Peer 1: 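Below is the structure I would like to discuss, written out as structure tokens.
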Amino acid sequence: MTKLLKISLPDGSVREVPQGSTPADIAAAIGPGLAKAALAARVNGELRDLGRPFEGDAELALVTSRDEADALELARHDYAHVLAEAVQALWPGTQITFGPATDDGFYYDVKAPESREPFGMDDLPAIEEKMREIIRADKPLRREVWSREDLIAKWEAEGEVFKAEWAKELPGTEELTVYWSGNDWLDMCRGPHLPSTGKLDPDAFKLMRTAGAYWRGDQNNAQLTRIYGTGWLNKKQLQAHLTRFEEAAKRDHRKLGREMDLFHLQEEAHGSVFWHPKGYRIWRELEAYMRRKMDGAGYREIKTPQLMDVRQWTQSGHWGKYAQNMFAVPDIVPDVDEESGVASPKVADDAAWMAIKPMNCPAHVMVFKQGITSYRDLPIRLGEMGCCHRNEPHGALHGLMRVRQFTQDDAHIFCTEGQVVSEVQAFIALADSVYRDFGFTYDIKLALRPEKRFGSDADWDKAEQELRDALTANGLEWEELPGEGAFYAPKLEWHLTDAIGRTWQVGTIQSDRVLPERLDAHYIGEDGEKHRPVMLHRAIFGSYERFIGILIEHFAGKLPAWLAPVQAVVATIVSDADPYAEDVAAQLRAVGIRVETDTRNEKINYKVREHSLAKVPHLLVVGKREAEEGTVAVRTLGAEHQKVMPLAEAIAMLRSEGTPPDLA
RNA sequence: GCCGGCUUAGCUCAGAUGGUAGAGCACCUGAUUUGUAAUCAGGGGGCCACGGGUUCGAAUCCUGUAGCCGGCACCA
């Protein structure tokens, strides 16, 4: 007699079913509605196909579209498969590789057949149409276990060199599976999948773009075409996503930077920013804010050279590791032809080379090393608004977010072994207070030792544990990222979440025992002997350029009043009010409010529109009435109506709103 | 750096099939003195990214370079 399997359901009930039963059978037994709605199953917590038989007694939870995270993951994975099937149906000879789900959809990396060019945007509509066909055909997705040899043979027979390569490396110990789409197409895949392509909504996905991607993420390998799509459970979700996508485009800092006249970039200095008066005003406010924060936290600000002899960078290890990303400058005087004024620099073979600093650390160690430091002086916290240059790969440059010249809110804390945890704790608190002031929430990640690194394992163990201890002491949770640390130190990273849910890595603290060693920094301990200090590298904004870019996108250009380049505009309705407008502006200026007047001969509608688009927080409209009564009509950005108030009240309001959060 | 795309006035963009450029906004001038998101009229403005080639003739075709855009790789 065959033994019945006991399947327990989330409601606590237990069903007994014969061997070979599947979650789909249970769903059908419960009711036809559930049978139709079921997309997959969680069997003992593991997400599985509906049609995959139980292997023993189990806890079962059926997954429907109400289990959104699971349902989306399944749908996106299936969209990816359908995408690959569609591309191969349209262009036989296309090689397929991988196609995972992403945060908002899916992609598949493919290689176009030799007979045609790589796929491009123009191909997307045809592929989408073919995908819809496959979805409407409601092809069953069937799991099958294959031997490794059969898989390799299949891929080799079909000229799928990437798939064959991968199959050869799959561990022999694991059960290898394929999924059929109907009876005519299959892909090697761990699964799980929906029961059939018809469970996908043909109107809930959209192919977004194509891009190059390397096979297995290695730039020495073949370049494939990655086809990106966004995929959802229904059309409404897709629409909502596309709207969000447009929203993100509207707040693009490159676009707003031009519209708001904050900065520009140009070919002659690509990757370096030309800050305009309004953009630099934001910078100055941020810098003043950060100085107050750092002064208050016991940092002392220094300024160190832009150019240092390459010897210094060799000693620190940066020249060896990053020379290709550094700007090197020969220490020479170019010949100048007196007549023509033409300079012709020649670099002698024995010329001394200098390099523009790509970071501030070695220079800070040099400052630390001046004189003799006692343990009584520690910790020493040296801060610098350090302007650095890195010759980034050209394809990496992106507006303010990735530049070749940037200024960090940098600092290095030199401390004893025993002070590390409390210094990290203090920094965690400082960073928190800053991010709160800007209205960001964040997640903290701990990046652990990379494969290529300096320093002993014992030191790495200690350094990583100190960071964990500091987080624990501050009652915080974190995620660990193996292999992501810097070559000299593990790091904590602050990942901010902005107003539309995107994340940005900004702040960091790294506990470094390598650089003090390499540059021979020491202090005199209680015992009168020389000791190595630990060096904590840390930044909160990261770089001013990038942080301003993030702020622009976070606030969609509508910066809080304390950061707004122009905090108020006094606009006149009739020219009779001009003298009063100037008087109002003068009074505002006298209390430190950044104000402009607009007395142009234009309609008030025109002025309101223009200053609203310029994202000026407050518009003070004055006409005959206000001039006579000593009032202003205040129109706040985003509001549909205005409020008439006595000038004194308006000044008080603007002063309070324009006060930086740390001074409020 | 790699793959694909793009580059026309300050900005956003039109300019099949080759015949040396156009709109809106912005700017300037004039009129208008206006009550909360575009007043009207006139005017000026372009080495069509840059270099080479094909052609009687190139913004249009070919080619090289640069920058930008979307990714990839990189990110001390």
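On a predicted model such as this, the values are computed, not experimentally measured, just so you know. A, B, ... follow the sequence lines: proteins, then strands. Residue 1 opens every chain.
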Peer 1: State which of B:rG70, B:rA76, B:rC3 makes the closest approach to the side chain of A:His398.
Peer 2: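 Shortest atom-to-atom distance from the side chain points to B:rG70.
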Peer 1: Mind running ring pair (Phe, Tyr, Trp, His ring centres under 6.0 Å) on A:Phe454 and A:Trp460 for me, showing each step along the way?
Peer 2: CA-CA 9 Å; A:Phe454 290 166; A:Trp460 277 92; 9.9 Å; no
Peer 1: Mind checking if A:Gly217 touches a base, just sugar-phosphate, or nothing, with heavy atoms under 4.0 Å?
Peer 2: sugar-phosphate
Peer 1: Should we say atom CD of A:Gln324 is surrounded by more than 12 heavy atoms from elsewhere, each under 6.0 Å from it?
Peer 2: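 Result for CD/A:Gln324: open.
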Peer 1: Please report the distance, rounded to the nearest Å, between CG in A:Asn605 and P in B:rA38.
Peer 2: 6 Å
Peer 1: Using the closest heavy atom to pick a nucleotide of RNA chain B for each, name whichever of A:Ala213 or A:Val608 lands nearer the 5' end.
Peer 2: A:Val608
Peer 1: Mind calculating the distance between CZ (A:Arg609) and P (B:rU36) to the nearest angstrom?
Peer 2: 16 Å
Peer 1: Choosing from B:rC3, B:rU33, B:rG35, which nucleotide comes nearest the side chain of A:Pro118?
Peer 2: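 Among B:rC3, B:rU33, B:rG35, the one nearest the side chain of A:Pro118 is B:rC3.
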Peer 1: Sort out for me which residue in A:Arg502, A:Arg546, A:Lys558 forms a salt bridge (charged side-chain N to carboxylate O under 4.0 Å, His left out) with A:Glu553.
Peer 2: A:Arg502
Peer 1: Taking 4.0 Å as the cut-off, does a side-chain nitrogen or oxygen of A:Lys607 come that near to OP1 or OP2 on B:rA38?
Peer 2: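 Checking A:Lys607 against B:rA38: no side-chain N or O falls below 4.0 Å of OP1 or OP2.
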Peer 1: Is there a Watson-Crick or G-U wobble partner for B:rA14 with both distances under 3.5 Å, and which nucleotide is it?
Peer 2: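 Answer to the pairing question: none, since B:rA14 forms no Watson-Crick or G-U pair.
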Peer 1: With respect to the side chain of A:Ala396, which nucleotide from B:rA73, B:rA76, B:rU36 is positioned closest?
Peer 2: B:rA73
Peer 1: Contact class for A:Phe119 vs. all strands (heavy atom < 4.0 Å): base, sugar-phosphate, or nothing?
Peer 2: nothing
Peer 1: For the pair A:Tyr107 and A:Tyr228, name the ring-plane relationship: parallel under 30°, tilted 30 to 60°, perpendicular over 60°.
Peer 2: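 Rings of A:Tyr107 and A:Tyr228: tilted, 30 to 60°.
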Peer 1: Quote, to the nearest angstrom, the P distance that separates B:rG71 from B:rA23.
Peer 2: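 After rounding to an integer number of Å, I get 36 Å for this pair.
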Peer 1: With a 6.0 Å cut-off on ring centres, are A:Tyr488 and A:His537 close enough?
Peer 2: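 That pair passes the under 6.0 Å test.
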Peer 1: Base, sugar-phosphate, or nothing: which does A:Lys491 touch, judged by heavy atoms less than 4.0 Å apart?
Peer 2: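 Here A:Lys491 touches the backbone only, sparing every base.
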Peer 1: Provide the distance between the two C1' atoms, one in B:rU17 and one in B:rG42, to the nearest whole Å.
Peer 2: 38 Å
Peer 1: So what does A:Gln266 touch, heavy atoms closer than 4.0 Å: a base, only the sugar-phosphate, or nothing?
Peer 2: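 Contact class for A:Gln266: none.
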Peer 1: Should B:rA66 be called syn or anti, with syn set as within 90° of 0?
Peer 2: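 With its glycosidic angle more than 90° from zero, B:rA66 counts as anti.
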Peer 1: What is the distance from CD of A:Gln223 to P of B:rC72, rounded to the nearest Å?
Peer 2: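 Between P of B:rC72 and CD of A:Gln223: 11 Å.
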Peer 1: Side chain of A:Pro393 only, heavy atoms from C-beta on: which candidate in B:rG35, B:rG71, B:rG1 is closest?
Peer 2: B:rG1
Peer 1: Between the base of B:rA76 and the ring of A:Tyr322 - centre-to-centre under 5.5 Å, planes within under 30° - is that a stack?
Peer 2: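 Here the ring of A:Tyr322 and the base of B:rA76 are stacked, with centres under 5.5 Å and planes under 30°.
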Peer 1: Take the angle between the ring planes of A:His77 and A:His81 and call it parallel below 30°, perpendicular above 60°, tilted in between.
Peer 2: perpendicular
Peer 1: Checking base pairs now: Watson-Crick or wobble, both atom distances under 3.5 Å. What partners B:rU33?
Peer 2: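 Here B:rU33 is not engaged in any pair, so there is no nucleotide opposite it.
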Peer 1: What nucleotide, of B:rA37, B:rA76, B:rG70, holds the atom closest to the side chain of A:Pro358?
Peer 2: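 Selected nucleotide (nearest to the side chain): B:rA76.
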Peer 1: What is the base-pairing partner of B:rA73, counting Watson-Crick and G-U wobble geometry with both distances under 3.5 Å?
Peer 2: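 The base-pairing partner of B:rA73, which may sit in any strand shown, does not exist here.
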Peer 1: From B:rA76, B:rG71, B:rC68, pick the nucleotide closest to the side chain of A:Phe487?
Peer 2: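 Looking only at heavy atoms from C-beta outward on A:Phe487, the closest nucleotide is B:rA76.
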Peer 1: Looking at every strand, decide which applies to A:Lys624 at a 4.0 Å heavy-atom threshold: base, sugar-phosphate, or nothing.
Peer 2: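 Contact class for A:Lys624: base.
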Peer 1: Under 4.0 angstrom, heavy atoms only, what part of the nucleic acid is A:Gln505 near: base, sugar-phosphate, or nothing?
Peer 2: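 Nothing, no heavy atom under 4.0 Å.
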Peer 1: Heavy atoms from C-beta onward define the side chain here; which of B:rU39, B:rA76, B:rG67 lies closest to that of A:Glu602?
Peer 2: B:rU39
Peer 1: To the nearest Å, how far apart are A:Gln510 CD and B:rC75 P?
Peer 2: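 Distance, rounded to whole Å: 13 Å.
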Peer 1: Could you check which nucleotide pairs with B:rA9 in any of the strands shown, counting Watson-Crick or G-U wobble with both distances under 3.5 Å?
Peer 2: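 Result: none.
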Peer 1: Expressed in whole Å, how much space separates the C1' atoms belonging to B:rA49 and B:rC74?
Peer 2: 28 Å
Peer 1: Using atom C1' of each nucleotide, how far apart are B:rG1 and B:rU65 to the nearest Å?
Peer 2: 16 Å
Peer 1: Could you work out which one of B:rG35, B:rA73, B:rC68 sits closest to the side chain of A:Leu397?
Peer 2: B:rC68
Peer 1: For a quick check, tell me whether the side chain of A:Arg402 and the base of B:rC75 share a donor-acceptor pair closer than 3.5 Å.
Peer 2: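 Result: at least one qualifying N/O pair found.
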Peer 1: Do the side chain of A:Arg216 and the base of B:rA73 come within less than 3.5 angstrom through a donor-acceptor pair of N or O atoms?
Peer 2: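 Checked by distance alone, the answer is no.
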Peer 1: Report yes if a donor N or O on one partner sits less than 3.5 Å from an acceptor N or O on the other, where the partners are the side chain of A:Tyr214 and the base of B:rG71; otherwise report no.
Peer 2: no
Peer 1: Classify the nucleic acid contact of A:Ala633 as base, sugar-phosphate or nothing, counting any heavy atom under 4.0 Å across all strands shown.
Peer 2: base
Peer 1: Measure CZ/A:Arg600 against P/B:rU39 and give the value in whole Å, please.
Peer 2: 11 Å
Peer 1: Using a cut-off of less than 4.0 Å, is there contact between a side-chain N or O of A:Arg254 and OP1 or OP2 of B:rC68?
Peer 2: no
Peer 1: Phosphate oxygens OP1/OP2 of B:rA26: is one of them under 4.0 Å from a side-chain N or O of A:Tyr606?
Peer 2: yes
Peer 1: Answer yes if the ring centres of A:Phe440 and A:Trp504 are under 6.0 angstrom apart, and no otherwise.
Peer 2: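 Ring centroids of A:Phe440 and A:Trp504 are no less than 6.0 Å from each other.
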Peer 1: How close do A:Asn360 and A:His412 get, counting heavy atoms only, and between which atoms?
Peer 2: C-CE1, 4.1 Å
Peer 1: Using heavy atoms to find the nearest nucleotide of RNA chain B for A:Val574 and A:His318 separately, return the residue whose nucleotide is more 5′.
Peer 2: A:Val574
Peer 1: For B:rA58, which nucleotide is its Watson-Crick or G-U wobble mate, given both distances must be under 3.5 Å?
Peer 2: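 Paired with B:rA58, as far as the under-3.5 Å criterion goes, is no nucleotide at all.
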Peer 1: Under 4.0 angstrom, heavy atoms only, what part of the nucleic acid is A:Gly120 near: base, sugar-phosphate, or nothing?
Peer 2: nothing
Peer 1: May I have the distance from A:Met401 (atom CE) to B:rC68 (atom C1'), rounded to whole angstrom?
Peer 2: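 Distance check: A:Met401 CE to B:rC68 C1' gives 17 Å.
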Peer 1: Now, which nucleotide makes the Watson-Crick or G-U wobble pair with B:rC27, with each of the two distances under 3.5 Å?
Peer 2: B:rG43
Peer 1: Reckon A:Arg258 has a side-chain N or O less than 4.0 Å from the OP1 or OP2 of B:rU12?
Peer 2: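 The answer is yes; a side-chain N or O of A:Arg258 sits under 4.0 Å from OP1 or OP2.
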Peer 1: So what does A:Leu224 hit on the nucleic acid, given a heavy-atom distance under 4.0 Å: a base, only sugar-phosphate, or nothing?
Peer 2: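 No contact.
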Peer 1: Using whole Å, what does the distance between atom P of nucleotide B:rA76 and atom NE2 of A:His537 come to?
Peer 2: 12 Å
Peer 1: Which listed nucleotide (B:rG35, B:rG1, B:rC68) is nearest to the side chain of A:His270?
Peer 2: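 Shortest atom-to-atom distance from the side chain points to B:rC68.
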Peer 1: Using the rule side-chain contact (heavy atoms from CB on, under 4.5 Å), only one of A:Leu613, A:Leu619, A:Val569 pairs with A:Val608; which is it?
Peer 2: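 Result: among A:Leu613, A:Leu619, A:Val569, A:Leu619 is the only option passing the side-chain contact (heavy atoms from CB on, under 4.5 Å) with A:Val608.
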Peer 1: So which nucleotide does B:rC48 pair with, by the Watson-Crick or G-U wobble rule with both distances under 3.5 Å?
Peer 2: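 B:rC48 is unpaired by these criteria.
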Peer 1: Any chance CG of A:Asp218 has more than 12 other-residue heavy atoms, nucleotides or ligands included, within less than 6.0 Å?
Peer 2: yes
Peer 1: Using a heavy-atom cut-off of under 4.0 Å over every strand shown, decide if A:Ile604 touches base, sugar-phosphate, or nothing.
Peer 2: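 A:Ile604: backbone/sugar contact only, no base atoms under 4.0 Å.
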Peer 1: Taking CG from A:Leu481 and C1' from B:rC75, how many angstroms apart are they, rounded to a whole number?
Peer 2: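 That distance rounds to 15 Å.
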Peer 1: Would you say A:His394 reaches B:rG67's phosphate, i.e. side-chain N/O to OP1/OP2 under 4.0 Å?
Peer 2: yes
